[in-house]
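Below is one structure; the comments refer to it alone.
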Amino acid sequence: MSSARSRNRSRPSLAAGLSLGPAWVIVVAIYIGTAIWTVAMSLTTSRLLPTAQFAGLSQYRRLFTTPRWMQSLENLVLFGVVFIVVALVLGFLLAVALDRKIRFEGAIRTIYLYPYALSFIVTGVVWKWMLDPTMGIQKTMHDLGWTSFRMDWVVDMHMAIYALILAAVWQATGLVMALMLAGLRGVDGDLWKAIEVDGIPTWRAYVAIILPILKPIVVTATVLLGVAVVKAYDLVVALTGGGPGYATDMPAKFIMDFLFQRANIGLASAAATVILLISVLAILPWIYVTYLRAPRR
Amino acid sequence: MTTSPTARSRGSRPGTGLPVGRIGLWAFILLTVLFFLAPLYVMIVTSLKTMDEVRLSSIFALPMHPTFEAWRFAWSEACTGIECHGLQSGFWNSVRITVPSVAVSVLLGAISGYALSYWKPRGGEILFALLMVGAFIPYQLFIYPLAFAFAKTGLANTLLAVVMVHVFFGLPIVTLIFRNYYAGLPHELVKAAQIDGAGFWRIFRSIILPLSRPILVVAVILQTTGVWNDFLFGLIFGGTNNQPMTVQLNALVSAQFGEKPYNVHMAATILTALIPLAIYLASGRWFVRGIAAGAVKG
């Protein structure tokens with residue numbers, strides 16, 4: 001990182017600067033340009049088509065008095081917190097299990113991770129079928145004689161969000177497992193010897209000694225899952241469609257609906273701006289620490 | 001790999017023959033394996049049943065007379081919106097979208113990563129930081145102005161538009177992967193080549209690219225699954241002529257007339273999942289490396 005090192009590494013090259021032209025254009029025109037446009041639109045009265053009629057913060061006032069938006073924010077928090085916590089804990093446990101020198105480790109690892117290769121649409125459609133109250137798991141249990149068994153989450157106002165969480169956990173926990181397992185494999189063998197000499201029970205060693213070592217990985221995994229949470233759209237569309245009612249609506253879906261179906265660009269832009277603010281505040285410290293302060297591996 | 005050599009004895013009470021911890025461990029593994037496999041299993045058995053059998057049997061029951069009829073129907077006859085030619089057009093649309101999107105974004109990402117890592121041009125750090133921010137911001141912020149711009153330039157609902165959007169938003173992760181990889185390569189090679197008078201592009205072609213083969217594989221795998229699995233961009237920018245498979249699958253399963261042919265739905269789901277699943281199974285370790293290199297999913 002020191003300027004002396006970078007100076008003697010290479011003389012400034014026109015070609016090097018030019019080669020980054022496309023990336024600069026994408027960042028400036030596509031990321032920043034469109035973001036500014038959206039923020040600007042949130043301050044106008046735009047409905048079906050963008051207009052430049054200034055409306056102050058009235059779209060924001062309207063947004064935060066729209067029950068559907070408030071519900072989608074609430075859903076985002078509940079979905080985000082439960083999904084991330086469950087995926088982290090389960091992912092860690094799976095990684096520990098695979099780290100215990102078991103047989104068939106490769107095959108089991110493959111099984112844990114394959115859902116991550118599938119799209120959210122595929123994930124949503126499969127779980128919709130599994131959770132179908134008339135034909136899915138519930139029916140199977142009823143046929144087996146367990147008639148009080150209930151798994152009708154998808155049609156239940158209060159449980160539908162947990163159907164979403166279940167499917168998301170199924171899809172993404174393998175990612176956490178893979179990241180954590182890589183971390184566990186990096187743990188120094190001498191440390192394990194010391195743990196053994198001290199007679200510390202294995203489970204305690206994992207929780208009290210190993211887990212703190214994995215902290216950077218936990219942070220990375222949390223950020224990656226968090227990004228997926230804020231972007232959650234495909235899974236909602238495929239699994240619940242945001243319903244029943246707006247019980248599983250998410251900000252991303254709210255924005256898409258108001259942009260392309262409800263033709264209310266001003267309101268949707270205000271919602272997108274709020275999401276932008278939340279995302280930037282949440283990730284800025286992490287980007288700074290991860291990418292700018294320690295570029296070496 | 002060489003963690004604790006005596007891990008096998010851990011969790012077991014010394015002296016007793018029954019390793020209680022091992023049994024608990026395997027019970028946990030078995031349970032979780034069932035949880036992760038169940039949807040795949042249900043998908044496959046349902047797709048091999050007739051609708052009569054789907055109605056009568058449990059979703060977990062094996063098909064009595066396995067048939068690929070639902071697969072054939074899903075591929076060539078099922079309705080995906082107004083059209084009723086199955087998912088085959090979506091499959092080829094996905095191929096036409098994925099190939100150029102992956103090729104362009106990986107090439108551009110490799111060049112950008114190389115320039116950022118070895119040449120440190122002015123503003124490089126800022127550019128990289130902005131790229132990373134772009135990778136994490138929800139697409140909903142960019143999508144309307146982009147759609148508007150495409151409409152104004154006549155690019156709306158074209159293959160080119162979808163590919164461009166995939167390149168725009170695939171660039172950060174690919175650049176990150178290459179930049180990290182190049183940071184781990186010895187910089188002396190480049191320096192020596194520079195002293196010999198080789199320029200930016202010459203060094204890239206003759207020295208860097210040949211060394212980049214492993215990371216190229218990782219980037220291609222990551223981008224191919226990412227682009228193939230995309231729903232949002234295909235939905236908004238592709239129009240009806242360029243719908244990728246995911247969009248058609250969603251249209252197929254949400255069609256609302258009469259009884260839902262669940263066997264066809266599941267066959268269609270498998271067909272849509274087939275390419276990324278095959279890539280995953282064939283590439284195994286490479287896929288994991290892609291994740292480790294900084295997995296960001298759209």
Side-chain angles (χ1 to χ4, degrees), chain A residues 6 9-10 13 15-17 19-20 22-24 26-27 30-31 34-35 37-38 94 97 100-101 108 111-112 114 117-119 121-122 125-126 129-130 136 140 143 175 178 182 187 189 192 196 202 224 227-228 230-231 233-234 238 252 255 259 272 275-276 279 283 287 291-292 295-297, chain B residues 2-4 7 10-11 25 28-29 32-33 36-37 39 42-43 58-60 108 111-112 115 118-121 127 129-132 134 136-138 140-142 144-146 168 171 183-184 187 199-201 225 229 231-232 246 249-250 253 262 269 272-273 276-277 280 288 291-292 295 297:
Chain A
S6 65
R9 177 173 302 162
S10 53
S13 153
S19 77
L20 289 174
W24 272 113
I26 288 172
V27 162
I30 307 302
Y31 298 175
T34 59
W37 196 92
T38 297
L94 296 179
R100 297 277 70 208
K101 301 221 182 320
I108 296 169
I111 290 168
Y112 287 161
Y114 86 90
L118 306 181
S119 60
I121 294 293
V122 164
V125 173
V126 175
W129 170 230
M130 302 264 294
T140 301
D143 290 349
L175 164 73
V187 171
W192 274 113
E196 217 154 291
T202 311
L224 293 180
V227 170
V230 181
K231 286 183 176 175
Y233 173 70
D234 314 11
I255 296 167
L259 281 180
I275 292 300
L276 168 72
S279 309
I283 60 170
I287 285 187
Y291 294 110
L292 295 184
R296 285 175 302 125
R297 278 201 300 184
Chain B
T2 56
T3 39
S4 78
R10 289 250 146 244
L25 177 65
F28 174 70
I29 289 175
T32 49
V33 162
F36 284 102
L37 274 187
V42 167
M43 230 191 305
S58 150
I59 54 166
F60 295 105
L108 204 54
I111 293 169
S112 305
Y118 288 103
W119 296 80
K120 309 252 168 198
L127 173 66
L130 291 173
L131 269 177
M132 286 304 113
F136 289 108
I137 304 299
Q140 276 73 12
L141 194 74
F142 313 116
Y144 191 83
L146 276 176
F168 293 160
L171 189 63
H187 280 171
F200 178 83
W201 293 109
T225 46
N229 285 341
F231 172 72
L232 187 62
T246 47
L249 172 67
N250 188 56
V253 299
Y262 291 106
T269 309
T272 308
L277 207 54
Y280 170 66
V288 178
I291 289 177
K297 212 166 156 173

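Below, chain A is the first sequence line, B the second, and so on; all start at residue 1. Any value given below was found using the heavy atoms of this structure, including those in side chains, with hydrogens, waters and symmetry copies removed.
- Most heavy-atom pairs under 4.5 Å with chain A: of the set B/Ile29, B/Leu277, B/Leu249, B/Thr272, this distinction falls to B/Ile29.
- Per-residue counts of heavy-atom pairs under 4.5 Å with chain A were compared for B/Pro121, B/Pro39, B/Ser58, B/Gly134; the largest is that of B/Pro39.
- Both the backbone and the side chain of A/Val122 come within less than 4.5 Å of a heavy atom in chain B.
- With a threshold of 4.5 angstrom between heavy atoms, B/Phe231 approaches chain A through its backbone and through its side chain.
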Next on the checklist: For A/Leu94 and B/Phe28: C-alpha separation, side-chain torsions, deciding distance, then whether side chain to side chain contact (heavy atoms under 4.5 Å, CB included) applies.
Outcome noted: CA-CA 9 Å; A/Leu94 296 179; B/Phe28 174 70; 3.9 Å; yes

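- With sequence neighbours excluded, the residues forming a side chain to side chain donor-acceptor pair (under 3.5 Å) with A/Tyr112 are B/Thr32, listed by chain and number.
- For A/Ile26, the part lying under 4.5 angstrom from a heavy atom of chain B is the side chain only.
- Listed here is the closest heavy atom pair of B/Val288 and A/Ala178: CG1-CB, 4.4 Å.
- Note on B/Ile137, B/Thr225, B/Ile111: by heavy-atom pairs under 4.5 Å with chain A, the leading option is B/Ile137.
- A/Tyr233 touches chain B through its side chain: at least one heavy atom from C-beta onward sits under 4.5 Å away, while N, CA, C and O do not.
- Rounding to the nearest 0.5 Å gives a distance of 14.5 Å between CG of A/Leu276 and CZ of B/Phe136.
- Using a 4.5 Å cut-off between heavy atoms, B/Leu127 contacts chain A through both its backbone and its side chain.
- Heavy atoms closer than 4.5 Å to chain B are found in both the backbone and the side chain of A/Ala252.
- Here A/Ala97 is the residue among A/Pro22, A/Ser279, A/Ala97 with the most heavy-atom pairs under 4.5 Å with chain B.
- We find the CD1-CZ distance between A/Ile108 and B/Phe36 to be 12.5 Å, quoted to the nearest 0.5 Å.
- The choice from B/Ala273, B/Ala115, B/Pro138 that makes the most heavy-atom pairs within less than 4.5 Å of chain A is B/Pro138.
- In this structure, CD1 in A/Ile30 is found 4.0 Å from CZ in B/Phe168, a value given to the nearest 0.5 Å.
- The line from OG1 of A/Thr34 to CG of B/Leu146 is 5.5 Å long, rounded to the nearest 0.5 Å.
- With rounding to the nearest 0.5 angstrom, the CG atom of A/Asp234 is 7.5 Å from the OG1 atom of B/Thr246.
- The candidate from A/Leu20, A/Val126, A/Ile255 with the greatest count of non-hydrogen atom pairs under 4.5 Å with chain B is A/Leu20.
- Residue A/Trp37 touches chain B through its side chain alone, counting heavy-atom pairs closer than 4.5 Å.
- A/Ser19 is linked by a side chain to side chain donor-acceptor pair (under 3.5 Å) to nothing, counting only residues two or more places apart in sequence or in another chain.
- Atoms OH and CG, on A/Tyr31 and B/Leu141 in that order, are 12.0 Å from each other to the nearest 0.5 Å.
- Across A/Thr38 and B/Pro145, no two heavy atoms sit closer than the pair OG1-CG, 3.4 Å.
- Of the atoms belonging to B/Val33, heavy atoms from both backbone and side chain fall under 4.5 Å from chain A.
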